[in-house]
Amino acid sequence: MLEQDILAGLNSSQEQAVISKAKSILVLAGAGSGKTRVLIHRIAWLIEQSIAHEQNILAVTFTNKASHEMKQRASAILKVDLTQLWLGTFHGICHRMLRLHYENAGLKKNFQIIDSDDQLKIIKNIITELGFNPEFIEPKSVAHFINQAKDQALRSKDTKHRFPHRPDEFHDIYNRYQAHCDMAQLIDFGEIILRVYELLKNNDSIKDFYHKKFKHVLIDEFQDTNHIQYEWVKLISGKEATTFVVGDDDQSIYAWRGAKSDNLMQFKKEYIEPELIKLEQNYRSSNIILQAANAIISNNLDRLGKNLWSEKPEGEPIQLFDADSDTQEAQYAIETIKNLQNKGETNKEIAILYRSNAQSRLFEERLIFENIPYRIYGGFKFFDRAEIKDVLAYLRLITNKSDNQALIRIINYPARGIGKKALESIRDIAQEKSISFWDACLSIDQSQNTRTSSSLQKFIELISNLENEIASADLPDKIKATIRATGIQQALESKQEFSKVENLFELVSASENFRIDYEDIDIDQLDAFLSYAALDNGDTEDNDNAINLMTIHSAKGLEFNNVIVVGMEEGLFPHQRSVQELNGLEEERRLCYVAITRAKERLFLSYARNRRIFGSFISCIPSRFINELPIKEKENFISLSQSYNKPSTSTNTTKNYIGKQVMHKKFGLGIVLTAEGDDEHARVQVQFAEKGVKWLVLLYANLEIVN
DNA sequence: CAGCGACATATTTTT
DNA sequence: TATGTCGCTG
């Protein structure tokens with residue numbers, strides 16, 4: 001492989017980033033500017049030029065998808081299998097480190113990862129145990145509190161003075177929750193990072209090991225890192241390491257989850273003279289689309305500043321559709337799709353993007369009606385399906401008898417006569433003797449001779465026999481045996497739930513394809529698979545040619561020839577609740593920026609004047625983001641509107657004002673937000689550009705409709 | 001212990 | 001509207 005091949009086709013900024021020899025490098029990469037490419041090519045460059053061996057490189061992403069893609073593309077360029085390269089998600093990398101140093105991290109070899117579902121269940125149990133009222137101490141708030149604390153590297157002993165406004169119960173539950181997880185050898189998502197953070201902080205020899213190992217640390221989507229991830233990056237990079245971070249503050253859309261795009265600035269301040277490289281040439285979108293994106297995002301004040309440009313032609317105008325109703329909007333989307341199909345566009349190059357999941361329904365209905373294949377992203381994850389979790393719970397219990405959560409899940413599924421009462425007494429015994437639920441089961445079994453105890457006896461035998469049976473079997477056989485011996489398959493079949501049975505066999509084939517990536521880890525195949533199930537959503541690349549439906553959040557990182565952004569209305573997008581949050585509006589605007597920049601060739605925007613929300617119709621006004629578009633340049637936009645229901649003329653006139661731009665002699669230019677009343681009582685609420693929001697009686701106000 | 005009706009609840013969710 | 005959770009009853 002020649003040097004030119006790795007650098008071929010890169011623009012000068014991209015090349016600068018790829019070959020930079022600075023100690024710390026901050027790449028501000030605009031949407032569609034080839035950021036993934038730069039990361040991949042830099043890894044290839046470092047290896048190819050023998051600047052670093054692959055085992056001396058650490059590359060971190062946020063999603064499994066991104067890390068898979070990077071690994072694949074990097075090894076394609078180098079034409080080698082990059083087995084020694086540490087490339088993965090924050091959680092994947094940290095999990096690997098915990099497996100390597102489990103003892104130093106205070107864990108046993110068979111520790112397991114729990115998802116947010118399990119976490120919530122444990123918290124609920126603890127709230128009940130402590131006798132708190134879940135009406136006041138909401139399990140979800142507590143979960144959020146705990147996760148937030150862990151994201152800031154805070155243990156329960158620290159939270160009391162850091163969050164003094166929180167009720168004492170929160171701190172107590174956190175304390176108890178962590179004790180429970182430690183006992184059961186379970187770690188939640190936040191814990192994966194926190195444990196490694198503490199491990200590196202407190203164990204110099206392990207830290208030194210990684211400082212010697214990793215000479216190049218590369219982080220993707222840096223704007224999405226939270227506090228502890230940022231600190232983790234600092235900890236794992238030694239004095240000799242080069243730190244290379246890539247991010248885009250304009251695409252920070254996870255601030256509500258604790259992501260701090262400020263970390264980009266922080267990096268600039270904290271690292272010694274980082275080389276700042278901006279990737280501003282966009283290769284993705286037509287110029288008209290790019291100009292629209294730039295216009296939107298320029299309304300944000302909190303920006304590092306970047307101006308995307310493109311050598312691409314203007315391209316096709318953006319279509320703006322003014323729909324009477326949400327159903328008409330759906331109809332519009334379908335017509336648009338059909339037109340695109342007639343132009344030869346394939347379905348997988350068409351996406352419908354919306355702000356919230358509930359909006360997908362109408363589009364689905366129309367697509368089904370028209371027999372157009374579609375795919376919804378971000379819905380159910382394979383490993384989250386109940387039947388899958390049931391099978392895995394059996395295996396979790398077998399591999400780790402102190403996993404109470406797993407036991408609770410399956411002790412009576414399929415039903416075997418161990419009800420609530422029996423479980424209560426198990427819980428009591430476990431609490432009293434400070435033992436696991438499993439050990440509690442064993443102790444009950446010995447002491448009594450009742451109906452429940454014979455059911456328990458059978459349960460214990462089932463688990464023990466299964467454990468023996470699969471002890472030396474390979475992974476797929478372990479799963480097959482579990483499906484069969486536990487009666488899960490039978491239970492589903494008798495309920496005619498055949499698609500769930502199919503999923504069970506999909507689980508078997510998932511295990512057949514599973515292999516442990518890490519040779520350096522001494523880990524049981526089953527433990528590895530269970531962790532994989534917790535950390536990977538099991539999404540498989542599917543190649544069927546279907547229309548893509550997803551939220552804007554899940555569209556980040558993707559691109560399509562044709563993008564239809566629907567529901568561009570005040571209250572929906574920007575979402576009502578975000579407008580009230582601190583900096584919420586700017587995040588919504590970034591979301592809008594992300595939505596627009598997904599489009600390569602054609603962009604369609606639509607809003608509905610009336611929408612059914614929670615059962616009742618409400619009237620809506622177009623999103624402020626529509627007004628922020630450079631619509632004056634008419635040739636760049638096609639505005640479409642169809643009125644099926646002609647508004648009646650004399651009465652009911654206020655409705656015609658909603659959303660319109662109006663001119664008032666005293667107050668100047670404004671936009672009508674809502675209206676009420678008829679005839680001489682008709683009033684409108686106007687948001688004036690300079691004078692704020694006012695209610696005006698139409699009869700006297702002398703409003704002039706501008707557009 | 002399953003099944004039903006009452007009741008609240010209703011952004012976004014990389015791991 | 002639609003979905004999930006809770007508590008009571010058969």
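Below, chain A is the first sequence line, B the second, and so on; all start at residue 1. What you see is a predicted model; the values in this text were computed from it and never measured.
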Salt bridge (charged side-chain N to carboxylate O under 4.0 Å, His left out): which pairs involve residues 221-230 of chain A, sequence neighbours left out?
A:Lys35-A:Glu221, A:Glu221-A:Lys556, A:Asp224-A:Lys556
Applying salt bridge (Lys or Arg N to Asp or Glu O under 4.0 Å), name anything that partners A:Asp182, two or more places apart in sequence or on another chain.
A:Arg195
Between B:dT14 and A:Arg257, is there an OP1 or OP2 to side-chain N/O distance shorter than 4.0 Å?
no
A:Lys381 near the nucleic acid: base, sugar-phosphate alone, or nothing, with a heavy-atom cut-off under 4.0 Å?
base
For A:Arg611, what residues pass the salt bridge (Lys or Arg N to Asp or Glu O under 4.0 Å) criterion, not counting sequence neighbours?
A:Glu329, A:Glu569
Between B:dT15 atom P and A:Gln119 atom CD, what is the distance in whole Å?
16 Å
Base orientation of B:dT12, syn vs anti, 90° cut from 0
anti
Under 4.0 Å: is that the gap between some side-chain N or O of A:Asn64 and OP1 or OP2 of B:dT14?
no
Over how many whole Å does the gap from A:Tyr377 atom OH to B:dT14 atom P extend?
14 Å
Non-neighbouring partners of A:Thr89 that pass side chain to side chain donor-acceptor pair (under 3.5 Å), sequence neighbours left out
none
Check the distance between B:dT13's P and A:Phe383's CZ and give it to me in whole angstrom.
20 Å
Given C:dT1, B:dT12, B:dT14, which nucleotide is nearest the side-chain atoms of A:Phe62?
B:dT14
Using a 4.0 Å cut-off on protein heavy atoms (strictly under), produce a 5'-to-3' string for nucleotides 4-10 of chain C with B for base contact, S for backbone-only sugar-phosphate contact, and - for none.
-------
Expressed in angstrom and rounded to an integer, what is the separation of A:Asp224 atom CG from B:dT12 atom P?
18 Å
In residues 91-101 of chain A, which ones come under 4.0 Å of DNA chain B, going by heavy atoms?
A:His91
Gap between atoms CG and C1', on A:Asp151 and B:dT14 respectively (whole Å)
13 Å
Classify A:Ile187 by what it touches in the nucleic acid, base, sugar-phosphate, or nothing, heavy-atom distance under 4.0 Å.
nothing
Once side chain to side chain donor-acceptor pair (under 3.5 Å) is applied, do any residues pair with A:Glu493, and if so which ones, sequence neighbours excluded?
A:Gln489
Figure out the CD/P separation between A:Gln148 and B:dT15, and round it to whole Å.
21 Å
On DNA chain B, does the nearest nucleotide to A:Lys556 precede the nearest nucleotide to A:Ala415 from the 5' side, or the other way round? Give the residue.
A:Ala415
Mind checking what makes salt bridge (Lys or Arg N to Asp or Glu O under 4.0 Å) contact with A:Arg590, not counting sequence neighbours?
A:Glu587
Ion pair present between A:Glu191 and A:Arg155, side-chain N to carboxylate O less than 4.0 angstrom?
yes
Using nucleotides 4-11 of chain B, report all nitrogen or oxygen pairs with the protein that are shorter than 3.5 Å.
unit_1 : atom_1 : unit_2   : atom_2 : d
B:dT11 : O4'    : A:His575 : NE2    : 3.3
B:dT11 : O4     : A:Glu581 : OE2    : 2.5

What residues form a salt bridge (Lys or Arg N to Asp or Glu O under 4.0 Å) with A:Asp188, not counting sequence neighbours?
A:Lys150
Just to be sure I understand the rule, does A:Tyr254 reach a base, reach only the sugar-phosphate, or reach nothing, if contact means heavy atoms closer than 4.0 Å?
base
Is A:Thr551 near enough to B:dT13 that one of its side-chain N or O atoms lies under 4.0 angstrom from OP1 or OP2?
yes
Mind calculating the distance between CD1 (A:Ile192) and P (B:dT15) to the nearest angstrom?
11 Å
Cation over ring face, A:Arg99 and A:Phe111, 6.0 Å, 45°
yes
Any chance the side chains of A:Asp118 and A:Gln405 put a donor and an acceptor closer than 3.5 Å?
no
Between B:dT12 and C:dT5, how far apart are the P atoms? Round to whole Å, please.
16 Å
Do A:Phe383 and A:Tyr532 make the cut of ring centroids closer than 6.0 angstrom?
yes
List the residues meeting side chain to side chain donor-acceptor pair (under 3.5 Å) with A:Glu588, not counting sequence neighbours, and say none if there are none.
A:Arg355, A:Ser578
Between B:dT13 and C:dG4, how many Å separate the two P atoms, rounded to a whole number?
16 Å
Heavy atoms under 4.0 Å, any strand shown: does A:Gly417 hit a base, just sugar-phosphate, or nothing?
sugar-phosphate
Centroid distance below 5.5 Å plus an interplanar angle below 30 degrees: do A:Trp256 and B:dT12 meet both conditions?
yes
Sequence neighbours excluded, the answer for side chain to side chain donor-acceptor pair (under 3.5 Å) partners of A:Arg361 is A:Glu365
Just the rounded figure in Å: distance from C1' of B:dT14 to NE2 of A:His68.
13 Å
